[in-house]
Amino acid sequence: MPKLTIDGTEVEIEAGASVLQACEAIGIEIPRFCYHERLSVAGNCRMCLVEMERSPKPVASCAMPVADGMVIRTDTETVRRARQGVMEFLLINHPLDCPICDQGGECDLQDQAMAYGSDSSRYQENKRAVKDKHMGPLIKTIMTRCIHCTRCVRFATEIAGVQDLGLLGRGESAEISTYLEKTLASELSGNVIDLCPVGALTSKPYAFHARPWELTKTESIDVMDAVGSNIRVDCRGNEVMRVLPRLNEDVNEEWISDKTRYACDGLRRQRLDRPYLRGADGKLAEAGWDDAFAAIAGRLKGVDGSKIAAIAGNQCDAESMFALKALMTALGSPNLDCRQDGAAFDAGGARSGWLFNSGFAGIEEADALLIVGANPRHEAAVVNARIRKRWLRGDFSVGLIGPQAELTYAYDYLGAGPQTLADIADGKHPFAETLAKAERPMLIIGVAALARSDGAAVLATARKIAEDSGMVGDDWNGFNVLHTAAARVGGLDLGFVPGQGGRDVAGILDGAGKGEIEVVYLLAADEIDMGQFGNAFVIYQGHHGDAGAHRADVILPGAAYTEKSGTWVNSEGRVQRGLRAAFPPGDAKEDWTILRALSAALDKTLPFDSLAALRAQMQDAHKSFATLDERVLESWGAFAASGGKPGDGPFAPAIGNFYMTCPISRASATMAECAASFGGSREATGTDG
């Protein structure tokens with residue numbers, strides 16, 4: 001490794017690193033605007049100038065690779081004057097918008113102007129003005145503030161994989177623009193706001209709503225998909241103002257999807273803030289907690305446990321599912337399920353049967369990928385960006401079975417349904433040879449391929465491919481299930497599935513329609529056909545007035561994910577915890593406390609009085625919850641028989657409208673505007689190379 005001297009300190013760093021990276025390795029701060037460690041080097045801003053021995057002028061440290069014997073000085077008079085001059089040039093056309101700019105208080109230009117700039121300017125000419133560009137309903141543009149760092153252009157092209165942004169013109173006429181005033185069509189578009197070092201790109205829904213110093217910042221976990229993106233929830237008072245990404249290299253790096261970022265305005269709309277009871281006239285009326293519990297206790301009195309059922313929704317925290325399962329067990333009911341879509345998993349088998357076993361970071365180690373019945377761009381946009389990141393390095397074959405989709409990388413379209421999957425399993429398809437030759441092959445199967453009548457057979461076929469092609473070994477497991485529900489893996493880990501002789505979701509709906517199931521408890525479950533419940537008594541515990549609340553006979557107002565401390569398990573099986581950022585509205589309460597109070601009203605008191613006690617019991621009963629924030633490697637075990645051969649019907653997409661997949665996003669005005677602007681799913685055929 002080359003050795004160089006920086007400000008008198010000898011540094012040894014790996015070949016290929018830049019001088020800027022070498023400086024930061026020993027704690028020397030180098031100012032920059034255009035440089036970003038996840039983007040290609042542009043060298044536009046020149047703010048990172050340093051002095052290099054034997055160089056006639058300062059060099060841009062972000063673009064200068066290290067070399068053996070190099071001598072660098074970062075704090076000389078020449079460097080200070082160079083940076084001050086660069087800052088003066090950057091501010092020549094920058095407007096004095098700081099008092100009204102949403103970037104105020106978080107602006108790199110403000111901070112670096114204070115640290116490296118001058119107190120005056122020699123520029124007397126008129127400032128130039130640039131017309132604002134239309135980038136859709138999410139991104140507000142004030143392009144006169146733009147300093148042409150091109151971070152947004154490089155992100156859109158390299159990370160998001162859309163060719164919508166570019167730098168038009170030259171010299172003083174240069175402008176960042178979407179081509180032909182086109183809306184920036186990416187599920188990751190909001191990340192350009194975080195990347196912009198000035199106030200040129202800001203959040204349109206958040207504009208003029210709050211200042212950063214007014215906000216209380218809380219670390220949490222996203223529940224809009226099953227990636228488990230690490231987020232920060234910013235609140236003013238009890239209102240969630242915005243959601244921002246947190247850095248986690250193994251999960252979401254520093255990106256989040258637009259739904260994660262912008263659906264938070266749905267937390268303020270259509271909320272359930274008090275209990276309701278359905279009266280004799282068929283209408284829901286406000287009630288107190290005692291009245292609601294009394295109504296439930298009266299209806300459950302004398303009902304056999306086999307006639308009671310529970311369904312958990314897609315965003316439930318593990319604590320509430322654990323409490324509900326304990327209550328159902330106390331009532332003698334084996335009828336419970338967390339799979340609203342009916343996906344076929346062998347919940348009694350090895351945990352590796354429903355996990356993303358290679359981990360999201362493991363995508364970067366794979367050299368061949370088979371996608372089965374999934375559209376990662378809509379089901380897990382951040383994971384899709386990771387696949388593109390690996391594809392850009394080359395020597396990465398991608399095959400797709402299922403609906404054709406406009407992904408952000410080139411792929412070979414292999415077929416529409418299970419027959420193609422069976423051909424690969426039998427070695428009849430050419431892609432079987434591609435997988436066999438790969439050193440680290442990978443398979444990603446979506447829940448849409450498993451939520452079919454032949455889902456178990458499809459899963460068994462996929463597992464056969466994994467075993468026969470060498471995907472599963474001592475140091476590599478390329479068999480991956482891509483979930484869409486944040487609560488799904490946690491529910492499976494907790495065993496929130498039918499017990500001995502119990503009914504799954506389809507069986508519960510069928511039994512309710514026939515009168516065999518008399519009472520159904522919906523824990524924030526809204527993605528099922530409520531019309532199939534017949535005359536069953538429905539208890540809905542949730543946070544929004546969505547489908548479940550419309551059908552319910554009793555409504556118990558719960559807390560949304562930002563309003564409780566909860567545990568969620570992502571597709572990788574990584575157990576993560578979110579903290580409470582705000583309080584539930586009105587009389588609503590945290591979900592586990594509702595279940596604990598209800599159990600007392602039913603004379604089935606659950607054996608915990610605090611969240612800590614509940615978590616201790618949950619960890620004792622299910623060891624996977626004892627390890628936080630780490631991905632535990634699971635052994636590859638046996639699985640149940642497939643129950644037949646896969647059918648002939650093509651795989652269907654798991655998500656019809658990317659922007660509206662849950663009660664929160666359906667209540668969001670911003671997501672409704674996105675759905676109208678982008679046409680919902682923006683599904684298209686073909687490939688994007």
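We count residues from 1, following the sequence as given.
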Side-chain ion pair, Glu572 and Arg386, N-O less than 4.0 Å | no

Are Lys259 and Glu187 close enough for a salt bridge, meaning some N to O gap below 4.0 Å?
-> no

Return the orientation label for the Phe658 and His378 ring planes: parallel under 30°, perpendicular over 60°, tilted otherwise.
-> tilted

Step by step, work out the side chain to side chain contact (heavy atoms under 4.5 Å, CB included) result for Tyr521 and Leu595.
-> CA-CA 11 Å; Tyr521 200 111; Leu595 290 159; 3.5 Å; yes

Ion pair present between Arg38 and Glu249, side-chain N to carboxylate O less than 4.0 angstrom?
-> yes

Are Leu414 and Leu370 side-chain neighbours, meaning at least one heavy-atom pair lies under 4.5 Å?
-> yes

SB check Arg666 Asp546 (cutoff 4.0 Å) = yes

Salt bridge between Arg339 and Asp337, side-chain N to carboxylate O under 4.0 Å?
-> yes

Between the CG atom in Leu165 and the NZ atom in Lys182, the distance rounded to the nearest 0.5 Å is 9.5 Å

Side chains of Thr484 and Asp225, donor plus acceptor under 3.5 Å = no

Would you call Arg577-Glu219 a salt bridge at under 4.0 Å N-O?
-> no

Determine the sole option in Arg246, Arg261, Arg242, Arg151 for which the salt bridge (charged side-chain N to carboxylate O under 4.0 Å, His left out) test with Asp194 is passed.
-> Arg261

Salt-bridge contact Lys389-Glu253 (side-chain N to carboxylate O under 4.0 Å) = yes

Measure the NZ-CG distance between Lys204 and Leu138 for me, rounded to the nearest 0.5 Å.
-> 8.5 Å

Trace of the ring pair (Phe, Tyr, Trp, His ring centres under 6.0 Å) decision for Phe345 with His483 = CA-CA 12 Å; Phe345 292 106; His483 295 275; 5.3 Å; yes

Sub-4.5 Å side-chain heavy-atom contact between Phe651 and Val372 = yes

Cut-off 3.5 Å, side chains only: do His134 and Thr183 have a donor facing an acceptor?
-> yes

Say whether, by atom type as modelled, one donor and one acceptor occur between the side chain of Asp222 and the main chain of Gly228 under 3.5 angstrom.
-> no

Please step through side chain to side chain contact (heavy atoms under 4.5 Å, CB included) for the pair Asp504 and Val497, ending with a clear verdict.
-> CA-CA 7 Å; Asp504 58 10; Val497 292; over 6 Å; no

Does a side chain donor of either Asn384 or Tyr409 reach within less than 3.5 Å of an acceptor in the other side chain?
-> yes

For His543, what residues pass the ring-ring contact (aromatic ring centres under 6.0 Å, His included) criterion, not counting sequence neighbours?
-> none

For the residue pair Ile517 and Ala536, what are the closest heavy atoms and their distance?
-> O-CB, 3.7 Å

So, for Met660 and Ala672, which heavy atoms are closest and what is the spacing to 0.1 Å?
-> CE-CA, 3.1 Å

Would you say the side chain of Thr670 lies within less than 4.5 Å of the side chain of Tyr206, judging by non-hydrogen atoms?
-> no

Any ion pair linking Arg580 and Glu590 (charged N to carboxylate O, less than 4.0 Å)?
-> yes

Side chains of Ser668 and Ser665: donor-acceptor distance under 3.5 Å anywhere?
-> no

Nearest heavy-atom approach of Ala310 to Leu324 is CB-CD2, 4.0 Å

Tyr561 versus Trp568: any side-chain heavy-atom pair under 4.5 Å?
-> yes

Do the charged groups of Arg463 and Asp346 touch, with an N to O distance under 4.0 Å?
-> no

Does a side chain donor of either Asn570 or Arg631 reach within less than 3.5 Å of an acceptor in the other side chain?
-> no

Stepwise, does the side chain to side chain contact (heavy atoms under 4.5 Å, CB included) test hold for Leu579 with Ser220?
-> CA-CA 5 Å; Leu579 303 177; Ser220 190; 5.8 Å; no

No-hydrogen, no-angle side-chain donor-acceptor test under 3.5 Å, Asp526 and Tyr540 | yes

What distance do Ile555 atom CD1 and Tyr276 atom OH have between them, rounded to the nearest 0.5 Å?
-> 7.5 Å

Under 6.0 Å from the CG atom of Asp529, do we count more than 12 heavy atoms belonging to anything else shown?
-> yes

Closest non-hydrogen atom pair between Cys662 and Met224, with its separation = SG-SD, 3.7 Å

Quick one: list whatever passes ring-ring contact (aromatic ring centres under 6.0 Å, His included) with Phe155, sequence neighbours left out.
-> Trp255

CG-CZ distance between Leu369 and Phe431, expressed to the nearest 0.5 angstrom | 7.0 Å

Does some side-chain heavy atom of Thr408 sit less than 4.5 Å from a side-chain heavy atom of Arg377?
-> yes

Side-chain heavy atoms of Cys235 within contact of Thr218, under 4.5 Å = no

Side-chain donor-acceptor contact under 3.5 Å, Thr567 with Asp317 = no

Salt-bridge test for Asp234 and Lys217: reply yes if a basic N is under 4.0 Å from a carboxylate O, no otherwise.
-> no

Below 4.5 Å, heavy atoms only, C-beta onward: do Val243 and Thr562 meet side chain to side chain?
-> no

Between Asp591 and Gln541, is any side-chain donor less than 3.5 angstrom from a side-chain acceptor?
-> yes

From CZ (Arg388) to CD1 (Ile159), nearest 0.5 Å = 8.0 Å

For the residue pair Thr141 and Asp132, confirm or rule out a side-chain donor-acceptor distance under 3.5 Å.
-> no

How about Leu201 and Met143: do any of their side-chain heavy atoms sit closer than 4.5 Å?
-> yes

Calculate, to the nearest 0.5 Å, the distance between atoms CD and CD1 belonging to Gln103 and Ile142 respectively.
-> 9.5 Å

